Undergrad: 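Here you go, one structure.
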Amino acid sequence: MAKSPRPSDPLSSGGTPVPVNLPDDKSVVAPQPIYVCGPTASGKSALAVEIARQRNGEIVNADAYQLYRGLEIVSAAPSKDDRAEIPHHLYGVLDPDDSADAGKYLRLAQPVIEEIQSRDKTPVITGGSGLYLKFLTHGPAPLPQGDPDMRAELDATPLSELVAKLQELDPAEAVRTALHNRRYVSRALEICLLTGQRASELRDRWEEKTREVAAGLHGFLIQLPRQILHDRIATRTRMMLDHGAIDEVAALGNASTNCAKAIGVREIRDFLAGEINAATCYERIVVATRQYAKRQETWFRRETWLTPWQPGI
RNA sequence: GGCUCGAUAGCUCAGUUGGUAGAGCAGCGGAUUGAAAAUCCGCGUGUCGCUGGUUCGAUCCCGGCUCGAGCCA
């Protein structure tokens, strides 16, 4: 068997083994999406391309930051070479100044996925943003979109006041909310204030509906030993910094939009401002990326419908 | 060569007026339905550099040694 030539990506483990247990449901009319999940730097893109090759697929991004234009290097978006062979969707479709959230992502992705299916191709949905993926797989709860003005107001209010207000408006939600987590308290309160209804009731309705959704889903969860993942993160960070990440962030300017929160952007901005040296910048990106990868693993562990997949190392 | 200071968790350090020790960071675990690469929560046994001595008891006091930093030659 001839090995197909592969782009020389030092991060790919060379000749990615072919998944053996792809779901085989030829009875289904529209090709069902295949999800490729896993922590950052685990090789999702390479596996997705491999699956797309075999299944007549097209790749759909499910990564919150690869959505943005001008963030390709820092967000480790698939390269031009990768994208040449297989059609890739939803990469670099947002302007750096655009805001994004899981609902917006869902509205973006759903039509793209349906369009791919209408051409009898398999959507291969690839990305590491757990919440965005969850919207795709389980649908949105009937909750209002975030409101920037209200958030600005809530952000300016002491947490203790937010908690007291939530306990007053929706005691049931207050019990379920991590009250030391300002983000979650704000969001719960925002829902109540925006809708005039109880967040707890709206959420209950959704949870009942989604209970059995996972049955029809299939996808893969890439699992790598922690040490190997850490090595890959270090290597990738080095490559990013040596191949344009700094120029990319400089070109973003100082806009404090969504993508200012991306790992790499924060650290490189500090470096460009002269606050930290190059070694510290590198080290901070590596550490932040490792921590992110760990959070992703925690998230995906709960998605038990995913089939674990260990690449041959 | 002499003197001074330091040596405690993976790292940076605190501390014990002698009763075997604790912070930050890292790491590990967890939560997470419209900011998610975000946000938040939980987890601290380590020959207290080595070696003698004093003591009921030494990481702490005393001697020697090793290593590091600084000063004087």
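Keep in mind that what you see is a predicted model, and the values were worked out from it rather than measured. Chain letters run A, B, ... following the sequence lines, proteins first and then strands; every chain starts at 1.
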Undergrad: What I'd like to find out is whether the side chain of A:Tyr68 reaches to under 4.5 Å of the side chain of A:Val93, using heavy atoms alone.
TA: no
Undergrad: In whole angstrom, give me the gap between the P atoms of B:rA31 and B:rU47.
TA: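 It works out to 32 Å between them.
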Undergrad: Taking only the P atom of each, what is the distance from B:rG18 to B:rC56 in whole angstrom?
TA: 15 Å
Undergrad: Quick one: A:Leu67 CG to B:rA36 C1', roughly how many Å, whole number?
TA: 13 Å
Undergrad: Roughly, in whole Å, what's the span from CG in A:Leu133 to P in B:rA38?
TA: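 Roughly 16 Å, once rounded to whole Å.
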Undergrad: Pull up the glycosidic torsion of B:rG34 and say syn or anti, syn being anything within 90° of 0.
TA: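 Syn, which is what one calls it when the glycosidic angle falls within 90° of 0.
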Undergrad: Please tell me which of the listed nucleotides, B:rA38, B:rC40, B:rC28, lies nearest to the side chain of A:Arg226?
TA: B:rC28
Undergrad: Give a yes or no on whether a donor-acceptor pair under 3.5 Å exists between the nucleobase atoms of B:rG29, that is its base, and the side chain of A:Lys294.
TA: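 Indeed, a donor on one side and an acceptor on the other fall under 3.5 Å apart.
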Undergrad: Report the nucleotide, chosen from B:rG34, B:rA36, B:rG27, that has the shortest atom-to-atom distance to any side-chain atom of A:Leu143.
TA: B:rG34
Undergrad: Just N and O in the side chain of A:Thr40: are any of them under 4.0 Å from OP1 or OP2 of B:rA37?
TA: no
Undergrad: Anything under 30° is parallel, anything over 60° is perpendicular, the rest tilted; go ahead and classify A:Tyr132 against A:Tyr105.
TA: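 A:Tyr132 vs A:Tyr105 ring planes: parallel.
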Undergrad: Looking at residues at least two apart in the chain, or sitting in another chain, which of them share a side-chain contact (heavy atoms from CB on, under 4.5 Å) with A:Thr298?
TA: A:Arg301
Undergrad: Does a side-chain N or O from A:Arg187 land closer than 4.0 Å to OP1 or OP2 of B:rC40, or not?
TA: no
Undergrad: Does anything in residues 99-112 of chain A come within less than 4.0 Å of RNA chain B? Heavy atoms only, and list the residues if so.
TA: A:Ala100, A:Asp101, A:Ala102, A:Gly103, A:Arg107
Undergrad: Does atom CD of A:Glu275 have more than 12 heavy-atom neighbours, drawn from other residues, nucleotides or ligands, at distances under 6.0 Å?
TA: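 Yes, CD of A:Glu275 has more than 12 neighbouring heavy atoms, counting only those of other groups under 6.0 Å.
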Undergrad: Once you apply a heavy-atom cut-off of 4.0 Å, does A:Lys261 come out as touching a base, just sugar-phosphate, or nothing?
TA: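 Since only primed, P, OP1 and OP2 atoms lie under 4.0 Å of A:Lys261, the category is sugar-phosphate.
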Undergrad: When the P atoms of B:rU59 and B:rU54 are considered, how many whole Å apart are they?
TA: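 Approximately 15 Å lies between the P atom of B:rU59 and that of B:rU54.
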Undergrad: Looking across every strand, which nucleic acid part, if any, lies under 4.0 Å from A:Gly139 by heavy atom: base, sugar-phosphate, or nothing?
TA: base
Undergrad: For A:Arg203 and B:rG34, what is the distance between atoms CZ and C1' respectively, to the nearest whole Å?
TA: 10 Å
Undergrad: Report yes or no: does A:Glu267 contribute a side-chain atom to a donor-acceptor pair with the main-chain N or O of A:Ile285 at less than 3.5 Å?
TA: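 Flag not set: sc A:Glu267 to bb A:Ile285 has no pair under 3.5 Å.
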Undergrad: Between A:His180 and A:Gly146, which residue's closest nucleotide on RNA chain B lies nearer the 5′ terminus?
TA: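 Of the two residues, A:Gly146 wins.
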Undergrad: Reckon A:Ser129 has a side-chain N or O less than 4.0 Å from the OP1 or OP2 of B:rA37?
TA: yes
Undergrad: Without decimals, in angstroms, what is the distance between A:Leu193 CG and B:rG34 C1'?
TA: 16 Å
Undergrad: Evaluate side chain to side chain contact (heavy atoms under 4.5 Å, CB included) for A:Cys37 paired with A:Ile222, printing each intermediate quantity in order.
TA: CA-CA 6 Å; A:Cys37 306; A:Ile222 303 183; over 6 Å; no
Undergrad: So if I take every side-chain heavy atom of A:Val287 and compare against B:rG27, B:rA31, B:rA37, which nucleotide ends up nearest?
TA: B:rG27
Undergrad: How far does the C1' atom of B:rG63 sit from the matching atom of B:rU55, given to the nearest Å?
TA: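 Roughly 16 Å separates the two C1' atoms.
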Undergrad: Would A:Leu189 and A:Glu173 count as a side chain to side chain contact (heavy atoms under 4.5 Å, CB included) if you check the C-alpha gap in whole Å, the side-chain angles of each, and the deciding distance to 0.1 Å?
TA: CA-CA 9 Å; A:Leu189 203 47; A:Glu173 185 69 4; over 6 Å; no
Undergrad: Report the C-alpha separation of A:Arg238 and A:Asp242 in whole Å, then their side-chain angles, then the decisive distance to 0.1 Å, and conclude whether the salt bridge (charged side-chain N to carboxylate O under 4.0 Å, His left out) test is met.
TA: CA-CA 6 Å; A:Arg238 185 75 271 151; A:Asp242 290 347; 3.4 Å; yes
Undergrad: Write down the distance separating the C1' atoms in B:rG64 and B:rG22, rounded off to the nearest Å.
TA: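 The answer is 31 Å between these two C1' atoms.
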Undergrad: CE of A:Met150 versus P of B:rA35: gap in Å, rounded?
TA: 13 Å
Undergrad: Suppose you measure atom P in B:rC25 against the same atom in B:rG34; what distance do you get, rounded to whole Å?
TA: 27 Å
Undergrad: Can you tell which of A:Tyr35, A:Phe300, A:Phe220 makes a ring-ring contact (aromatic ring centres under 6.0 Å, His included) with A:Trp305?
TA: A:Tyr35
Undergrad: Between the base of B:rA38 and the side chain of A:Asn258, is there a donor-acceptor distance below 3.5 Å?
TA: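 For A:Asn258, whose side chain was compared with the base of B:rA38, there is no donor-acceptor pair (under 3.5 Å).
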Undergrad: Taking only N and O in the side chain of A:Arg290, is any of them less than 4.0 Å away from OP1 or OP2 of B:rC28?
TA: no
Undergrad: Does A:Gln291 put a side-chain nitrogen or oxygen below 4.0 Å from OP1 or OP2 of B:rA37?
TA: no
Undergrad: Say we look at B:rC48 and B:rG19: how far apart would their P atoms be, to the nearest angstrom?
TA: 15 Å
Undergrad: So, are A:Arg176 and A:Asp204 salt-bridged, with charged N and O less than 4.0 Å apart?
TA: yes
Undergrad: Just by distance, do the side chain of A:Thr126 and the backbone of A:Ser45 share a donor-acceptor pair under 3.5 Å?
TA: no
Undergrad: Would the number of heavy atoms belonging to other residues, nucleotides or ligands and lying under 6.0 Å from NZ of A:Lys165 be above 12?
TA: no
Undergrad: How close or far is atom P of B:rA31 from atom CZ of A:Arg301, stated in whole angstroms?
TA: 9 Å
Undergrad: Could you give the CZ-to-C1' distance, from A:Arg183 to B:rG34, as a whole number of Å?
TA: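 About 12 Å, once rounded to whole Å.
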Undergrad: Given B:rA38, is OP1 or OP2 found less than 4.0 Å from the side-chain N or O atoms of A:Tyr292?
TA: no
Undergrad: Taking any heavy-atom pair under 4.0 Å as a contact, classify A:Val265: base, sugar-phosphate, or nothing.
TA: nothing
Undergrad: Using atom CG of A:Leu179 as one end and atom C1' of B:rC40 as the other, report the distance to the nearest whole Å.
TA: 11 Å
Undergrad: Contact class for A:Asp155 vs. all strands (heavy atom < 4.0 Å): base, sugar-phosphate, or nothing?
TA: base
Undergrad: Once you apply a heavy-atom cut-off of 4.0 Å, does A:Ala64 come out as touching a base, just sugar-phosphate, or nothing?
TA: sugar-phosphate
Undergrad: Name the stems with RNA chain B in them: runs of three or more consecutive Watson-Crick or G-U pairs, distances under 3.5 Å?
TA: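 Consecutive-pair runs (3 or more) involving RNA chain B: B:1-7 with B:66-72, B:10-13 with B:22-25, B:27-31 with B:39-43, B:49-53 with B:61-65.
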Undergrad: Assign A:Arg151 to base, sugar-phosphate, or nothing according to its heavy-atom contacts below 4.0 angstrom with the strands shown.
TA: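 The residue A:Arg151 makes base contact.
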Undergrad: Between B:rC3 and B:rC11, how many Å separate the two C1' atoms, rounded to a whole number?
TA: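 Straight-line distance between the two C1' atoms is 31 Å.
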Undergrad: Quick one: does A:Gln117's side chain have a donor or acceptor within less than 3.5 Å of a partner on A:Pro123's backbone?
TA: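 Not at all, since once roles are kept as given, no pair shorter than 3.5 Å links the two residues.
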